[in-house]
Number of protein chains: 2
Amino acid sequence: MTVTDGRLVRGQLSRQAVMRSAVDLASVGGLDGLSIGGLASEVSMSKSGIAGLFGSKEDLQLAAIAAAAEIFQERVIAPALTTPAGLERLRALIDAWIDYSESRVFSGGCFFAAAAAEYRARPGAVRDAIAAQMRRWNEFIAGAVTRAMATGELPADTDPPQLAFEISALLDAANDASLLHDSAAPYARARTAINALLARH
Amino acid sequence: MTVTDGRLVRGQLSRQAVMRSAVDLASVGGLDGLSIGGLASEVSMSKSGIAGLFGSKEDLQLAAIAAAAEIFQERVIAPALTTPAGLERLRALIDAWIDYSESRVFSGGCFFAAAAAEYRARPGAVRDAIAAQMRRWNEFIAGAVTRAMATGELPADTDPPQLAFEISALLDAANDASLLHDSAAPYARARTAINALLARH
DNA sequence: CCTACCGATCGGTAGG
DNA sequence: CCTACCGATCGGTAGG
(Lines give C-alpha, C1' and ligand atoms only; values in the text may rest on other atoms or scores of the structure.)
Protein backbone atom coordinates (compact mmCIF):
# COMPACT_ATOMS: atom_id res chain seq x y z
CA MET A 1 0.00 0.00 0.00
CA THR A 2 1.58 3.27 -1.13
CA VAL A 3 0.70 6.72 0.12
CA THR A 4 -0.10 7.78 -3.43
CA ASP A 5 -2.96 5.29 -3.71
CA GLY A 6 -5.91 7.64 -4.14
CA ARG A 7 -8.38 5.22 -2.67
CA LEU A 8 -6.27 4.76 0.43
CA VAL A 9 -5.81 8.50 0.98
CA ARG A 10 -9.50 9.16 0.54
CA GLY A 11 -10.28 6.24 2.81
CA GLN A 12 -8.06 7.56 5.59
CA LEU A 13 -9.41 11.09 5.35
CA SER A 14 -12.94 9.80 5.40
CA ARG A 15 -12.26 7.54 8.32
CA GLN A 16 -10.90 10.42 10.38
CA ALA A 17 -13.93 12.61 9.63
CA VAL A 18 -16.25 9.71 10.39
CA MET A 19 -14.52 9.12 13.72
CA ARG A 20 -14.85 12.77 14.72
CA SER A 21 -18.61 12.53 14.16
CA ALA A 22 -18.79 9.17 15.92
CA VAL A 23 -17.14 10.51 19.08
CA ASP A 24 -19.35 13.58 19.09
CA LEU A 25 -22.53 11.55 18.62
CA ALA A 26 -21.45 9.13 21.37
CA SER A 27 -20.73 11.96 23.80
CA VAL A 28 -24.42 12.88 23.61
CA GLY A 29 -26.28 9.64 22.89
CA GLY A 30 -23.86 7.18 24.44
CA LEU A 31 -21.56 4.55 22.93
CA ASP A 32 -24.48 2.14 22.90
CA GLY A 33 -26.78 4.66 21.26
CA LEU A 34 -24.16 5.15 18.54
CA SER A 35 -25.70 3.14 15.69
CA ILE A 36 -24.08 2.28 12.40
CA GLY A 37 -27.11 3.56 10.51
CA GLY A 38 -27.27 6.79 12.51
CA LEU A 39 -23.59 7.50 11.97
CA ALA A 40 -23.97 6.71 8.25
CA SER A 41 -26.70 9.30 7.76
CA GLU A 42 -24.75 11.85 9.86
CA VAL A 43 -21.79 11.65 7.49
CA SER A 44 -23.85 10.99 4.32
CA MET A 45 -22.59 7.50 3.68
CA SER A 46 -24.43 4.23 3.23
CA LYS A 47 -24.88 2.03 6.26
CA SER A 48 -22.72 -0.72 4.81
CA GLY A 49 -20.08 1.86 3.95
CA ILE A 50 -19.71 2.51 7.67
CA ALA A 51 -19.99 -1.18 8.52
CA GLY A 52 -17.20 -1.93 6.07
CA LEU A 53 -14.90 0.63 7.71
CA PHE A 54 -15.14 -1.08 11.09
CA GLY A 55 -16.45 -4.62 10.89
CA SER A 56 -18.68 -4.71 13.93
CA LYS A 57 -20.37 -2.32 16.28
CA GLU A 58 -17.91 -3.16 19.05
CA ASP A 59 -15.00 -2.35 16.73
CA LEU A 60 -16.68 0.98 16.00
CA GLN A 61 -17.00 1.66 19.73
CA LEU A 62 -13.36 0.77 20.36
CA ALA A 63 -12.30 2.99 17.44
CA ALA A 64 -14.33 5.85 18.92
CA ILE A 65 -12.55 5.43 22.27
CA ALA A 66 -9.16 5.53 20.52
CA ALA A 67 -10.16 8.62 18.51
CA ALA A 68 -11.41 10.38 21.63
CA ALA A 69 -8.12 9.58 23.38
CA GLU A 70 -6.19 11.23 20.54
CA ILE A 71 -8.27 14.39 20.76
CA PHE A 72 -7.90 14.39 24.56
CA GLN A 73 -4.15 14.12 24.12
CA GLU A 74 -4.12 17.13 21.78
CA ARG A 75 -6.45 19.27 23.83
CA VAL A 76 -5.42 18.50 27.41
CA ILE A 77 -2.13 16.63 27.73
CA ALA A 78 -0.10 18.34 24.99
CA PRO A 79 -0.79 21.95 26.10
CA ALA A 80 0.15 21.09 29.69
CA LEU A 81 3.42 19.54 28.53
CA THR A 82 4.56 22.89 27.09
CA THR A 83 4.78 24.32 30.62
CA PRO A 84 7.59 23.60 33.11
CA ALA A 85 7.11 20.49 35.26
CA GLY A 86 5.90 21.24 38.77
CA LEU A 87 2.94 23.09 40.22
CA GLU A 88 2.67 25.24 37.11
CA ARG A 89 2.19 22.17 34.91
CA LEU A 90 -0.34 20.70 37.33
CA ARG A 91 -2.31 23.94 37.18
CA ALA A 92 -2.00 24.03 33.38
CA LEU A 93 -3.37 20.51 33.21
CA ILE A 94 -6.38 21.47 35.30
CA ASP A 95 -6.99 24.61 33.23
CA ALA A 96 -6.71 22.65 29.99
CA TRP A 97 -9.19 20.05 31.22
CA ILE A 98 -11.71 22.67 32.27
CA ASP A 99 -11.34 24.37 28.91
CA TYR A 100 -11.77 21.03 27.13
CA SER A 101 -14.98 20.36 29.04
CA GLU A 102 -16.41 23.88 29.13
CA SER A 103 -15.73 24.71 25.48
CA ARG A 104 -17.66 21.56 24.51
CA VAL A 105 -15.00 20.01 22.33
CA PHE A 106 -17.64 17.26 22.27
CA SER A 107 -21.32 18.27 22.29
CA GLY A 108 -22.03 16.09 25.30
CA GLY A 109 -19.03 17.26 27.34
CA CYS A 110 -16.17 14.95 28.29
CA PHE A 111 -16.49 11.81 26.17
CA PHE A 112 -14.78 9.63 28.76
CA ALA A 113 -16.97 10.73 31.64
CA ALA A 114 -20.03 9.76 29.60
CA ALA A 115 -18.56 6.49 28.36
CA ALA A 116 -17.32 5.46 31.81
CA ALA A 117 -20.73 6.03 33.37
CA GLU A 118 -22.39 4.06 30.59
CA TYR A 119 -20.09 1.01 30.62
CA ARG A 120 -18.78 0.79 34.16
CA ALA A 121 -21.24 -1.97 35.04
CA ARG A 122 -21.07 -3.81 31.69
CA PRO A 123 -18.06 -6.13 31.49
CA GLY A 124 -16.35 -6.51 28.15
CA ALA A 125 -13.78 -5.04 25.80
CA VAL A 126 -15.46 -1.61 25.72
CA ARG A 127 -15.39 -1.23 29.49
CA ASP A 128 -11.79 -2.45 29.61
CA ALA A 129 -10.71 0.14 27.03
CA ILE A 130 -12.45 2.96 28.91
CA ALA A 131 -11.00 1.80 32.24
CA ALA A 132 -7.50 1.79 30.74
CA GLN A 133 -7.90 5.39 29.53
CA MET A 134 -9.23 6.52 32.90
CA ARG A 135 -6.33 4.86 34.67
CA ARG A 136 -3.87 6.58 32.34
CA TRP A 137 -5.48 9.97 33.03
CA ASN A 138 -5.38 9.52 36.80
CA GLU A 139 -1.79 8.35 36.64
CA PHE A 140 -0.88 11.37 34.56
CA ILE A 141 -2.35 13.72 37.18
CA ALA A 142 -0.59 11.79 39.95
CA GLY A 143 2.67 12.11 37.99
CA ALA A 144 2.22 15.88 37.76
CA VAL A 145 1.63 15.95 41.53
CA THR A 146 4.82 13.96 42.11
CA ARG A 147 6.80 16.46 39.99
CA ALA A 148 5.38 19.35 42.03
CA MET A 149 6.55 17.56 45.17
CA ALA A 150 10.02 17.18 43.64
CA THR A 151 10.25 20.95 43.11
CA GLY A 152 9.15 21.50 46.71
CA GLU A 153 5.97 23.29 45.62
CA LEU A 154 3.86 20.57 47.25
CA PRO A 155 4.87 19.10 50.63
CA ALA A 156 6.68 15.77 50.87
CA ASP A 157 3.80 14.08 52.69
CA THR A 158 1.39 14.62 49.78
CA ASP A 159 -0.25 11.40 48.53
CA PRO A 160 -0.22 11.68 44.71
CA PRO A 161 -2.92 9.09 43.87
CA GLN A 162 -5.16 10.51 46.61
CA LEU A 163 -4.77 14.08 45.38
CA ALA A 164 -5.28 12.91 41.79
CA PHE A 165 -8.51 11.20 42.86
CA GLU A 166 -9.73 14.41 44.47
CA ILE A 167 -8.81 16.64 41.54
CA SER A 168 -10.45 14.39 38.94
CA ALA A 169 -13.53 14.03 41.17
CA LEU A 170 -13.99 17.80 41.22
CA LEU A 171 -13.38 18.15 37.48
CA ASP A 172 -15.85 15.40 36.62
CA ALA A 173 -18.46 16.85 38.96
CA ALA A 174 -18.13 20.22 37.22
CA ASN A 175 -18.58 18.56 33.82
CA ASP A 176 -21.63 16.63 35.07
CA ALA A 177 -23.38 19.53 36.77
CA SER A 178 -22.62 22.01 33.99
CA LEU A 179 -24.27 19.80 31.40
CA LEU A 180 -27.20 18.75 33.59
CA HIS A 181 -28.08 22.30 34.66
CA ASP A 182 -26.88 24.27 31.62
CA SER A 183 -24.61 26.39 33.76
CA ALA A 184 -20.96 27.45 33.89
CA ALA A 185 -21.09 27.93 37.66
CA PRO A 186 -19.91 24.37 38.50
CA TYR A 187 -16.55 25.10 36.84
CA ALA A 188 -16.03 28.01 39.26
CA ARG A 189 -16.89 25.69 42.16
CA ALA A 190 -14.34 23.15 40.96
CA ARG A 191 -11.67 25.86 40.59
CA THR A 192 -12.39 27.14 44.09
CA ALA A 193 -12.18 23.65 45.57
CA ILE A 194 -8.98 22.72 43.73
CA ASN A 195 -7.30 26.01 44.65
CA ALA A 196 -8.11 25.38 48.31
CA LEU A 197 -6.81 21.83 47.96
CA LEU A 198 -3.50 22.94 46.48
CA ALA A 199 -3.13 25.83 48.95
CA ARG A 200 -3.67 23.46 51.85
CA HIS A 201 -0.95 21.11 50.67
CA MET B 1 -61.90 2.14 43.54
CA THR B 2 -61.90 0.33 46.88
CA VAL B 3 -58.86 -1.15 48.60
CA THR B 4 -60.59 -4.53 48.63
CA ASP B 5 -60.68 -4.74 44.83
CA GLY B 6 -58.50 -7.77 44.24
CA ARG B 7 -57.41 -6.71 40.79
CA LEU B 8 -56.33 -3.30 42.06
CA VAL B 9 -54.32 -4.74 44.95
CA ARG B 10 -52.59 -7.20 42.71
CA GLY B 11 -51.99 -4.47 40.17
CA GLN B 12 -50.30 -2.24 42.73
CA LEU B 13 -48.15 -5.01 44.14
CA SER B 14 -47.11 -6.02 40.68
CA ARG B 15 -46.35 -2.45 39.70
CA GLN B 16 -44.06 -2.04 42.69
CA ALA B 17 -42.17 -5.26 41.90
CA VAL B 18 -41.94 -4.25 38.25
CA MET B 19 -40.55 -0.85 39.20
CA ARG B 20 -37.89 -2.39 41.41
CA SER B 21 -36.68 -4.46 38.46
CA ALA B 22 -36.92 -1.50 36.11
CA VAL B 23 -34.68 0.68 38.30
CA ASP B 24 -32.17 -2.11 38.70
CA LEU B 25 -32.04 -2.83 34.97
CA ALA B 26 -31.67 0.88 34.21
CA SER B 27 -28.81 1.25 36.69
CA VAL B 28 -26.82 -1.19 34.56
CA GLY B 29 -28.07 -0.74 31.01
CA GLY B 30 -29.23 2.87 31.18
CA LEU B 31 -32.68 4.44 31.10
CA ASP B 32 -32.53 4.35 27.32
CA GLY B 33 -31.48 0.71 27.26
CA LEU B 34 -34.46 -0.10 29.48
CA SER B 35 -36.84 -1.64 26.93
CA ILE B 36 -40.46 -2.55 27.50
CA GLY B 37 -39.84 -6.03 26.09
CA GLY B 38 -36.72 -6.58 28.17
CA LEU B 39 -38.46 -5.52 31.36
CA ALA B 40 -41.41 -7.76 30.48
CA SER B 41 -39.27 -10.87 30.18
CA GLU B 42 -37.36 -9.94 33.36
CA VAL B 43 -40.59 -9.99 35.39
CA SER B 44 -42.31 -12.73 33.37
CA MET B 45 -45.06 -10.62 31.94
CA SER B 46 -46.13 -9.96 28.37
CA LYS B 47 -44.76 -6.94 26.64
CA SER B 48 -48.16 -5.32 26.37
CA GLY B 49 -48.77 -6.03 30.04
CA ILE B 50 -45.86 -3.71 30.81
CA ALA B 51 -46.89 -1.23 28.15
CA GLY B 52 -50.37 -1.09 29.65
CA LEU B 53 -48.96 -0.30 33.10
CA PHE B 54 -47.19 2.81 31.85
CA GLY B 55 -48.45 4.02 28.50
CA SER B 56 -45.21 5.03 26.87
CA LYS B 57 -41.51 4.43 27.27
CA GLU B 58 -41.01 7.97 28.56
CA ASP B 59 -43.67 7.37 31.21
CA LEU B 60 -41.82 4.19 32.20
CA GLN B 61 -38.57 6.15 32.48
CA LEU B 62 -40.21 8.84 34.61
CA ALA B 63 -41.78 6.16 36.82
CA ALA B 64 -38.35 4.55 37.25
CA ILE B 65 -36.89 7.88 38.36
CA ALA B 66 -39.69 8.31 40.90
CA ALA B 67 -39.24 4.76 42.19
CA ALA B 68 -35.48 5.25 42.51
CA ALA B 69 -36.09 8.47 44.44
CA GLU B 70 -38.30 6.59 46.91
CA ILE B 71 -35.64 3.94 47.50
CA PHE B 72 -32.98 6.65 47.85
CA GLN B 73 -35.16 8.36 50.44
CA GLU B 74 -35.48 5.10 52.42
CA ARG B 75 -31.84 4.13 52.18
CA VAL B 76 -30.01 7.45 52.51
CA ILE B 77 -32.20 10.31 53.70
CA ALA B 78 -34.35 8.52 56.29
CA PRO B 79 -31.45 6.89 58.22
CA ALA B 80 -29.64 10.23 58.42
CA LEU B 81 -32.76 11.93 59.79
CA THR B 82 -32.73 9.63 62.83
CA THR B 83 -29.51 11.30 64.03
CA PRO B 84 -29.31 14.73 65.70
CA ALA B 85 -28.99 17.69 63.32
CA GLY B 86 -25.48 19.03 62.98
CA LEU B 87 -22.14 17.52 62.08
CA GLU B 88 -23.30 14.09 63.24
CA ARG B 89 -26.18 14.12 60.78
CA LEU B 90 -23.94 15.32 57.98
CA ARG B 91 -21.57 12.44 58.67
CA ALA B 92 -24.49 9.99 58.89
CA LEU B 93 -25.68 11.20 55.51
CA ILE B 94 -22.27 10.59 53.96
CA ASP B 95 -22.01 7.15 55.57
CA ALA B 96 -25.49 6.21 54.39
CA TRP B 97 -24.70 7.29 50.84
CA ILE B 98 -21.48 5.30 50.74
CA ASP B 99 -23.33 2.27 52.09
CA TYR B 100 -26.07 2.75 49.48
CA SER B 101 -23.49 2.85 46.70
CA GLU B 102 -21.06 0.23 48.01
CA SER B 103 -23.70 -2.35 48.97
CA ARG B 104 -25.05 -2.17 45.40
CA VAL B 105 -28.65 -1.45 46.30
CA PHE B 106 -28.81 -1.24 42.50
CA SER B 107 -26.63 -3.58 40.45
CA GLY B 108 -25.11 -0.68 38.52
CA GLY B 109 -24.39 1.49 41.57
CA CYS B 110 -26.12 4.80 42.18
CA PHE B 111 -29.08 4.99 39.80
CA PHE B 112 -29.00 8.78 39.66
CA ALA B 113 -25.32 9.03 38.83
CA ALA B 114 -25.90 6.71 35.86
CA ALA B 115 -29.10 8.43 34.74
CA ALA B 116 -27.61 11.92 35.05
CA ALA B 117 -24.59 11.00 32.94
CA GLU B 118 -26.86 9.43 30.31
CA TYR B 119 -29.38 12.28 29.96
CA ARG B 120 -27.47 15.41 30.88
CA ALA B 121 -27.01 16.36 27.23
CA ARG B 122 -30.46 15.24 26.05
CA PRO B 123 -33.14 17.89 26.73
CA GLY B 124 -36.60 16.67 27.67
CA ALA B 125 -38.80 15.53 30.51
CA VAL B 126 -36.42 12.75 31.56
CA ARG B 127 -33.46 15.07 31.96
CA ASP B 128 -35.63 17.60 33.81
CA ALA B 129 -36.78 14.94 36.29
CA ILE B 130 -33.22 13.77 36.93
CA ALA B 131 -31.97 17.35 37.29
CA ALA B 132 -34.71 18.05 39.86
CA GLN B 133 -33.67 15.03 41.93
CA MET B 134 -30.00 16.01 41.79
CA ARG B 135 -30.83 19.54 42.85
CA ARG B 136 -32.86 18.21 45.80
CA TRP B 137 -29.98 15.99 46.88
CA ASN B 138 -27.42 18.79 46.75
CA GLU B 139 -29.77 21.11 48.62
CA PHE B 140 -30.25 18.45 51.28
CA ILE B 141 -26.50 18.17 51.81
CA ALA B 142 -26.20 21.96 51.89
CA GLY B 143 -28.98 22.05 54.48
CA ALA B 144 -27.11 19.57 56.65
CA VAL B 145 -24.01 21.75 56.36
CA THR B 146 -26.02 24.80 57.40
CA ARG B 147 -27.27 22.95 60.49
CA ALA B 148 -23.72 22.00 61.41
CA MET B 149 -22.80 25.68 61.16
CA ALA B 150 -25.72 26.57 63.46
CA THR B 151 -24.41 24.20 66.12
CA GLY B 152 -20.96 25.77 65.76
CA GLU B 153 -19.43 22.49 64.58
CA LEU B 154 -18.56 24.07 61.25
CA PRO B 155 -17.23 27.66 61.10
CA ALA B 156 -19.52 30.57 60.21
CA ASP B 157 -17.67 31.33 56.98
CA THR B 158 -18.43 27.90 55.48
CA ASP B 159 -20.16 28.08 52.08
CA PRO B 160 -22.87 25.37 52.19
CA PRO B 161 -23.51 24.94 48.44
CA GLN B 162 -19.76 24.90 47.79
CA LEU B 163 -19.11 22.26 50.45
CA ALA B 164 -22.13 20.27 49.21
CA PHE B 165 -20.66 20.36 45.68
CA GLU B 166 -17.34 19.06 46.96
CA ILE B 167 -18.86 16.28 49.07
CA SER B 168 -21.13 15.03 46.29
CA ALA B 169 -18.23 15.22 43.81
CA LEU B 170 -16.14 12.91 46.00
CA LEU B 171 -19.04 10.50 46.60
CA ASP B 172 -19.87 10.28 42.88
CA ALA B 173 -16.22 9.76 41.98
CA ALA B 174 -16.04 6.85 44.44
CA ASN B 175 -19.15 5.28 42.91
CA ASP B 176 -17.75 5.74 39.38
CA ALA B 177 -14.29 4.39 40.07
CA SER B 178 -15.48 1.50 42.24
CA LEU B 179 -17.74 0.21 39.47
CA LEU B 180 -15.28 0.86 36.66
CA HIS B 181 -12.36 -0.85 38.39
CA ASP B 182 -14.20 -3.41 40.53
CA SER B 183 -12.61 -2.08 43.68
CA ALA B 184 -13.69 -0.82 47.09
CA ALA B 185 -10.58 1.38 47.43
CA PRO B 186 -12.22 4.51 45.93
CA TYR B 187 -14.67 4.62 48.87
CA ALA B 188 -11.71 4.87 51.26
CA ARG B 189 -10.28 7.69 49.13
CA ALA B 190 -13.58 9.55 49.30
CA ARG B 191 -13.77 9.09 53.08
CA THR B 192 -10.21 10.37 53.50
CA ALA B 193 -10.91 13.42 51.34
CA ILE B 194 -14.21 14.26 53.05
CA ASN B 195 -12.69 13.85 56.53
CA ALA B 196 -9.92 16.27 55.59
CA LEU B 197 -12.49 18.66 54.16
CA LEU B 198 -14.59 18.64 57.34
CA ALA B 199 -11.53 18.86 59.59
CA ARG B 200 -10.28 21.89 57.67
CA HIS B 201 -13.56 23.72 58.12
C1' DC C 1 -17.83 2.33 -1.40
C1' DC C 2 -22.96 0.91 -3.09
C1' DT C 3 -27.98 -1.63 -3.23
C1' DA C 4 -30.54 -5.02 -1.38
C1' DC C 5 -31.53 -8.01 1.76
C1' DC C 6 -31.62 -11.12 6.48
C1' DG C 7 -33.68 -12.09 11.31
C1' DA C 8 -34.30 -9.77 15.66
C1' DT C 9 -35.96 -6.24 18.40
C1' DC C 10 -37.75 -1.70 19.11
C1' DG C 11 -42.19 1.24 20.81
C1' DG C 12 -46.80 1.05 20.34
C1' DT C 13 -51.80 -0.49 19.34
C1' DA C 14 -56.13 -3.37 18.29
C1' DG C 15 -59.12 -6.30 20.29
C1' DG C 16 -60.48 -9.02 23.80
C1' DC D 1 -53.53 -8.65 31.98
C1' DC D 2 -53.14 -11.58 27.18
C1' DT D 3 -52.19 -12.73 21.76
C1' DA D 4 -51.29 -10.89 17.61
C1' DC D 5 -50.00 -7.59 14.92
C1' DC D 6 -47.97 -2.73 12.86
C1' DG D 7 -43.93 0.05 10.76
C1' DA D 8 -39.26 1.37 11.94
C1' DT D 9 -34.75 0.47 13.11
C1' DC D 10 -31.17 -2.48 14.83
C1' DG D 11 -26.43 -5.16 13.57
C1' DG D 12 -24.77 -7.63 10.00
C1' DT D 13 -23.97 -9.87 5.26
C1' DA D 14 -24.16 -11.13 0.10
C1' DG D 15 -22.77 -9.62 -4.07
C1' DG D 16 -20.95 -6.41 -6.91
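The sequence lines fix the lettering, A, B, ..., with proteins before strands; numbering per chain opens at 1.
Looking at every heavy atom in both residues, Ser107(B) comes nearest to Leu179(B) through O-CD2, 4.3 Å.
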Could you list the donor-acceptor pairs under 3.5 angstrom formed between side-chain atoms of residues 94-101 of chain B and any protein atom two or more places apart in sequence or on another chain?
residue, atom, partner, partner atom, Å
Asp95(B), OD1, Arg191(B), NH1, 3.0
Tyr100(B), OH, Phe111(B), N, 3.4
Ser101(B), OG, Asn175(B), OD1, 2.8
Ser101(B), OG, Tyr187(B), OH, 2.5

Residues 28-48 of chain B, side-chain donor-acceptor partners within the protein, below 3.5 Å, at least two apart:
residue, atom, partner, partner atom, Å
Asp32(B), OD1, Tyr119(B), OH, 3.1
Ser35(B), OG, Gly38(B), N, 2.9
Ser41(B), OG, Gly38(B), O, 3.2
Ser46(B), OG, Gly49(B), N, 3.0

Ignoring hydrogens and angles, write down the donor-acceptor pairs under 3.5 Å from the side chains of residues 65-87 of chain B, residues two or more places apart or on other chains.
residue, atom, partner, partner atom, Å
Thr82(B), OG1, Pro79(B), O, 2.6
Thr83(B), OG1, Ala80(B), O, 2.7

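Of the residues near DNA chain C, Ile50(A) and Asp32(B), the one whose nearest nucleotide (by heavy atom distance) lies more toward the 5' end is Ile50(A).
Side-chain contact, Arg200(B) with Asn195(B): no donor N or O sits under 3.5 Å from an acceptor N or O. With hydrogens and angles left out, the side-chain atoms of Ser56(B) and Glu58(B) include no donor and acceptor closer than 3.5 Å.
Asp172(A) is linked by a salt bridge (charged side-chain N to carboxylate O under 4.0 Å, His left out) to nothing, counting only residues two or more places apart in sequence or in another chain.
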Review item, nucleotides 4-10 of chain C N/O atoms under 3.5 Å of protein N/O:
residue, atom, partner, partner atom, Å
dC10(C), OP1, Ser35(B), OG, 2.9

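Within the 3.5 Å criterion, the main-chain N or O of Asn138(B) finds no donor-acceptor partner in the side chain of Ser168(B).
The CG-P distance, from Leu53(B) to dG11(C), rounds to 15 Å in whole Å. Regarding Phe54(B), its CZ atom lies at a distance of 14 Å from the C1' atom of dC1(D), rounded to whole Å.
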Dot-bracket line, read 5' to 3' along DNA chain D, where crossing pairs take [ ] and | marks a partner on another strand, Watson-Crick or G-U under 3.5 Å: ||||||||||||||||

